[in-house]
Amino acid sequence: MNTQTTPAFPNIHEIWVYLSGSPLLALVLTLGAYQLGVIVYERANRHPLANPVLIAIVLVAATITLIDMPYSKYFEGAQFVHFLLGTATVSLGVPIYKGLGAMRGRILPLLAALLAGGLTSIVSAVGTARLLGADSAIAGGFIAKSVTAPIAMGIAERIGVSPTLTAVFAVSTGILGAVLARYVLDLVRSREWWQRGFAIGVAAHGLGTSRAFSVNPEAGAYSSLAMGLHGVLGAVLIPMGFRILGPWF
Amino acid sequence: MMPGLVQILLFQGLGELVTHFFLPLIPGPVVGLMLLIGFLALRKSVNAPLDEVAMVFSRHFGLLFVPAAVGVVMFWPHLKAHAVAIGAALLVSVVLTVAATALVLKGLSRGPGK
C-alpha cells in the first residue's frame, strides 16, 4: 500500500501550473467574462453603453494583466473560440440572403449610399487620426472599423494592419454609432425608417443593427442588410483599394 | 443543428480553397459567405438546420472576437499616448458616416423612381 505517495491536498502552486498550462483557464475566463457581460447588459435594459463584448474584453484584459499571464499564453487557449469567427462569418450569408429581397427597387440608392458611407468612414477616421498625430500602426486600425468586426479582422490581416486594433476600434465604433446615430439622423432630417436603419448599419454594423431592431423592425432589417453588404463589398474593395493606394498611406 | 454546421463548415472550407488558389486578397470566410449566398439563391430557400445554426452564431457573435480584442493589452501604452487622436477619429467618423449615408439615400430616393 503506498498511501503516502499522493498527498491529500496537492500544493496549490501545482494546481495553478496545471491549470494555466491547459486551454481550460483561458476558455473559462473568456466565456465567463462574456456571460457576466451579458448579465450586466440585460440588467441595464440593453443599453448600448453596457455592451457585453466590451465588458468581456475589459474583464479578460484586466484579469490576465493581474495574474501576469502573457497574451500569447492566453490566446493559446482562447484560439478555440477565435477559430469559430470564420465559421460565424460564413453563417452571415443566411441573414444577408434573407435581406436581399428588401433591396428590390432601391438597389441604386442603397449601393451609392453604402459606397459614400464606407469611403467617408475610412477617409474621416484615418484622416482625423493622422492629423492629430497618430502613427500609421494606429491609423491602419481605422481602415476597416465600420465593417462588421469578424470581416474587418479578416480584411486587416489581408492588408497587413493589426486585426486586434481593428477589432477594438470596430467594437467602439459600433457602440458610438448605436448611441449617437439617432441624433445625427435627426440633425440631417432623415425621416424614413428604412433610410435611418441603412445608415446605422453602414456606420455601426452589428451593434447598430441590434439598436435599430429595438427601435423599429424595418430599420433593423435595412440595418442588417447594410451591415452584410458593407462586409462583403468591404472585403472585396478595401484590399484592392489598399493595394493601389497603399504606397501613399 | 449538426447538418447546418456541416454545411457552413463545407462552405468555409470551399472559401479557404478558392482564396488560397485564386483570390488571395479576399478573406476566405467572406468567399465562403458569398458562395453560401449563391447556393441559397439557387435553392431559393434556407433549410431549417442552416437557419438554426446561423441564428445561434448571430446571437453570440460578440463572444467570438473577444480573444483577438484582448490583444489590446499589448497596445495599451501606445493607445494611451494617442488617446485623443483615437477618440476624435472614432467620434468624427461615426457622425460623418451616418450623415453621409443618410444624405445620399435621401437625395437619391427623392427622384421619380420612389
Side-chain angles (χ1 to χ4, degrees), chain A residues 30 34 52-53 56-57 60-61 65 71 75 78 81-82 84-94 96-97 109 112-113 116-117 120-121 124-125 128-129 132-134 138 142 146 149 151 154 158 163-164 167-168 172-173 176-177 180-181 184-185 188 190 195 199 202-203 206 235-236 239, chain B residues 5 8-9 11-12 15 25-30 32-34 36-37 40-41 46 50-51 53-54 57-58 61-75 78-79 82 84-86 88-106 108-109 113-114:
Chain A
T30 309
Y34 179 73
V53 181
I57 295 169
V60 176
T65 310
Y71 175 66
F75 195 80
V81 172
H82 180 74
L84 285 174
L85 204 51
T87 317
T89 304
V90 177
S91 80
L92 274 178
V94 175
I96 296 178
Y97 168 74
T120 305
S121 159
S124 62
T128 309
L132 294 176
I138 286 184
F142 283 111
S146 273
I151 297 183
R158 300 286 148 160
T164 291
V168 172
S172 317
T173 296
L176 272 179
L180 295 177
V184 181
L185 289 168
V188 299
S190 171
Q195 298 184 3
V202 167
V236 175
Chain B
L5 195 56
I8 289 182
L9 285 171
F11 279 102
Q12 187 181 2
L25 270 178
I26 305 177
V30 178
L33 180 164
M34 294 194 257
L36 177 63
I37 294 178
L40 293 175
V46 181
L50 188 62
D51 205 26
V53 174
F57 274 128
S58 72
F61 230 130
L63 165 67
L64 305 182
F65 41 88
V66 171
V70 169
V72 76
V73 291
M74 296 189 307
F75 291 92
H78 207 65
L79 288 177
H82 294 283
V84 176
I86 292 169
L90 286 171
L91 199 66
V92 168
S93 91
V94 164
V95 170
L96 289 183
T97 306
V98 173
T101 312
L103 286 174
V104 170
L105 272 183
K106 207 163 89 161
L108 287 182
S109 47
K114 176 74 203 142

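Chain naming here is simple, since letters A, B, ... match the order of the sequence lines and numbering starts at 1 in each. Please read these numbers as outputs of a predicted model, since none were measured by experiment.
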Can you check side-chain contact (heavy atoms from CB on, under 4.5 Å) on B:Lys106 and A:Val188, steps first, answer last?
-> CA-CA 10 Å; B:Lys106 207 163 89 161; A:Val188 299; 5.7 Å; no
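For A:Leu180, the part lying under 4.5 angstrom from a heavy atom of chain B is the side chain only. Residue A:Thr65 touches chain B through its side chain alone, counting heavy-atom pairs closer than 4.5 Å.
When the candidates A:Ala113, A:Ala129, A:Gly117, A:Ala203 are compared by the number of heavy-atom contacts under 4.5 Å with chain B, A:Ala113 comes out ahead. Most heavy-atom pairs under 4.5 Å with chain B: of the set A:Ser172, A:Ser190, A:Ala112, A:Ser121, this distinction falls to A:Ser121. The residue among A:Pro239, A:Gly206, A:Gly177 with the most heavy atom pairs within less than 4.5 Å of chain B is A:Pro239. Counting heavy-atom pairs closer than 4.5 Å to chain A, the top residue among B:Val104, B:Val70, B:Val94 is B:Val70. Counting heavy-atom pairs under 4.5 Å between each of A:Ile57, A:Thr30, A:Val90 and chain B puts A:Val90 at the top.
Closest heavy-atom contact between B:Ala69 and A:Thr164: O-CG2, 4.0 Å. The shortest non-hydrogen separation linking B:Leu25 to A:Arg158 is O-CG, 3.4 Å. Closest heavy-atom contact between B:Val73 and A:Ala61: CG1-CB, 3.4 Å.
Checked against side-chain contact (heavy atoms from CB on, under 4.5 Å), B:Leu79 has the following partners two or more places apart in sequence or in another chain: A:Ile138, A:Leu165, A:Phe169, B:Val72, B:Phe75, B:Trp76, B:Ile86.
A distance of 10.0 Å separates CZ in B:Phe57 from CG in A:Leu85, rounded to the nearest 0.5 Å.
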